[in-house]
Amino acid sequence: MTNQLFLLALVLLGIAGAPLGLCQSNPTPKYEDYIRTAIPSKKEIDVFLNELSWAKFDPDLGYILGNYIPRDGVDKSSTISTAQANGARRSFIYTDKPCRINTYGNSFTQCHQVSDGETWQEYLAAHLGEPIRNFGMGGYGVNQAYRRMVKNEQTAIKAEYLVFYIWGDDHVRSLFRCRYVTVHGWMKDQEAHEGIGRMFHANFWPNVEMNLGTGQLEEHESRIRQKSDLYRMTDGEWMYENLKDDLALQMALYKDGKISDIDTTKLKRLADHLGHKISLDDPNPTKEAVSQLVDKYAFAATKYLLNKVKAFAAENERKVLIVVFDPYRVTKSLLRQKERYDQEIIDFLRLGEFNYFDMNLVHLDDFKSFNLSIDDYFKRYFIGHYSPAGNHFFAHSIKPKIVEWLNPKPITYKESDKQMTEFKGYLEGL
């Protein structure tokens, strides 16, 4: 019998499996192997540190907005994305007037995929007659937005009113020491149309994680604070040594099917501290069980951070509005008349008497005005992130809440018409 016929016979008998490599050509890697290979190239770091790119290095936050024109806009256009000297996204509307609103959050705050003048902050500023600063940054979690808020609000660019925006998976991002590993595939896809390193971000940053010995959440500084040290990320051995015990990262990769192994002993300890029941009798827990636990862990971090936001505001005489929005995991569930997975956070905000605005409910109500499928409805406002039309809709949806909040009222909502006839500060020379 020839070798080919012998192998065929084994396959037909069902005994020529993985050992011969015939039925498992691409097995799911183990955590260690995945970390060692999901690393940036030296060229990526070179471009990020030395050339124009979407983000730029920051020692305290990992990265902040850079200057670039991504090819990601509506109708296949490019978008102009630039930053001011103070780190805020460039704004134009009434910037010569005093600013009393600073906004913090991730890419839906930054308004990724639209040009500088098409952000919801600019649309709202035009309507109110006063500027709004945009300190959002794509990829940030709740912790990174909080850290940026604390840093800014103790400087000359502080503001009395703070909008703190929590989007989508911002909850779990707070837990990662380095998010690059989770978006490595996306980064490689971007290279095809943006170029190597132009969209690099998600490097090491400050994070929150649980001490499994005490059950307490702890804040940790970034493991990379110098530009030159960023090149350590190109070393698979260094990456593994610094991420091998990052439980949140391991859980995220496992639930997404990217790795085959997970430390069940640590999962059990984490679940016990969180008061969450999880079945770990099987050495390979289900992806669903791990997904539920990582959500529970992430929500614990968000609640911890929201209490810190509230305490900071009280101590520094600031007013805070929390915005919650998750179009893909919450809004779509609500449109399908299903439960929202983040109800725990909504209950926390309500019971804690936070001032908050839920954009998911706005879309739920707006959807009722149309006879459209969910997918067609989303095309009205989204191109991944909000389109310019989506940002305009958000601006005018949150506008009543902002107007009610501000004291004194914006010029466009004052009862007296004196300012409107004088135009002091609005017309050149007055």
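Numbers here simply count residues along the sequence, with the first being 1. All values below come from the heavy atoms of this structure, side chains included, with hydrogens, waters and symmetry mates left out.
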Which heavy atom in [X] sits nearest to a heavy atom in [Y], and how many Å separate them?
{"X": "His220", "Y": "Arg147", "answer": "O-NH2, 3.8 Å"}
{"X": "Asn307", "Y": "Phe348", "answer": "OD1-CZ, 3.5 Å"}
{"X": "Trp205", "Y": "Gly139", "answer": "CH2-O, 3.1 Å"}
{"X": "Cys111", "Y": "Val114", "answer": "O-CG2, 3.2 Å"}
{"X": "Pro131", "Y": "Lys97", "answer": "CG-O, 3.4 Å"}
{"X": "Lys227", "Y": "Phe57", "answer": "CG-CD2, 3.4 Å"}

Are [X] and [Y] close enough that a side-chain donor and a side-chain acceptor fall under 3.5 Å?
{"X": "Glu122", "Y": "Tyr94", "value": "no"}
{"X": "Arg340", "Y": "Ser333", "value": "no"}
{"X": "His273", "Y": "Tyr297", "value": "no"}
{"X": "Tyr165", "Y": "Gln110", "value": "no"}

Answer yes or no: is there a donor N or O on one side and an acceptor on the other, between the side chain of Ser174 and the main chain of Asn143, under 3.5 Å?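 Checked: pair present.
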
Using only atom types and a distance under 3.5 Å, with no angle test, would you say the side chain of Asp116 pairs donor to acceptor with the backbone of Thr82?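 Between the backbone of Thr82 and the side chain of Asp116 there is a qualifying donor-acceptor contact (under 3.5 Å).
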
Verify the neighbour count for atom CG of Asp376: are there more than 12 heavy atoms of other residues, nucleotides or ligands below 6.0 Å?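 Buried by this count: over 12 neighbours within 6.0 Å.
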
Just checking Ile346: does its CD1 atom have more than 12 heavy atoms from other residues, nucleotides or ligands closer to it than 6.0 angstrom?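 Yes - once you tally the heavy atoms of other residues, nucleotides and ligands closer than 6.0 Å, there are more than 12.
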
Taking the side chain as every heavy atom from C-beta outward, state whether [X] and [Y] have any pair of such atoms under 4.5 Å apart.
{"X": "Ile322", "Y": "Leu349", "answer": "yes"}
{"X": "Asn106", "Y": "Met137", "answer": "no"}
{"X": "Leu230", "Y": "Phe204", "answer": "no"}

With Asn355 as reference, evaluate Lys310, Lys401, Lys319 under the side-chain hydrogen bond (donor to acceptor under 3.5 Å, both in side chains) test and give the passing residue.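 By the side-chain hydrogen bond (donor to acceptor under 3.5 Å, both in side chains) criterion, Asn355 pairs with just one of Lys310, Lys401, Lys319: Lys401.
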
Working for salt bridge (charged side-chain N to carboxylate O under 4.0 Å, His left out), residues Asp347 and Arg350: CA-CA 5 Å; Asp347 292 342; Arg350 178 176 53 82; 3.4 Å; yes

Please state whether the rings of [X] and [Y] are parallel, tilted or perpendicular, taking 30° and 60° as the class boundaries.
{"X": "His171", "Y": "Phe299", "result": "perpendicular"}
{"X": "Tyr381", "Y": "His363", "result": "perpendicular"}
{"X": "Phe394", "Y": "Tyr386", "result": "tilted"}

Assess whether side-chain contact (heavy atoms from CB on, under 4.5 Å) is satisfied between Arg177 and Asn242, documenting all intermediate values. CA-CA 9 Å; Arg177 297 173 190 172; Asn242 283 272; 5.6 Å; no

Step by step, would you call Phe200 with Tyr180 a ring pair (Phe, Tyr, Trp, His ring centres under 6.0 Å)? CA-CA 9 Å; Phe200 179 89; Tyr180 182 88; 5.5 Å; yes

At what distance, to the nearest 0.5 angstrom, does CG of Asp256 lie from NZ of Lys287?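 Asp256 CG to Lys287 NZ: 8.5 Å, rounded to 0.5 Å.
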
Determine, stepwise, if the pair Arg173 / Asp169 fulfils salt bridge (charged side-chain N to carboxylate O under 4.0 Å, His left out). CA-CA 7 Å; Arg173 294 177 186 181; Asp169 65 346; 2.8 Å; yes

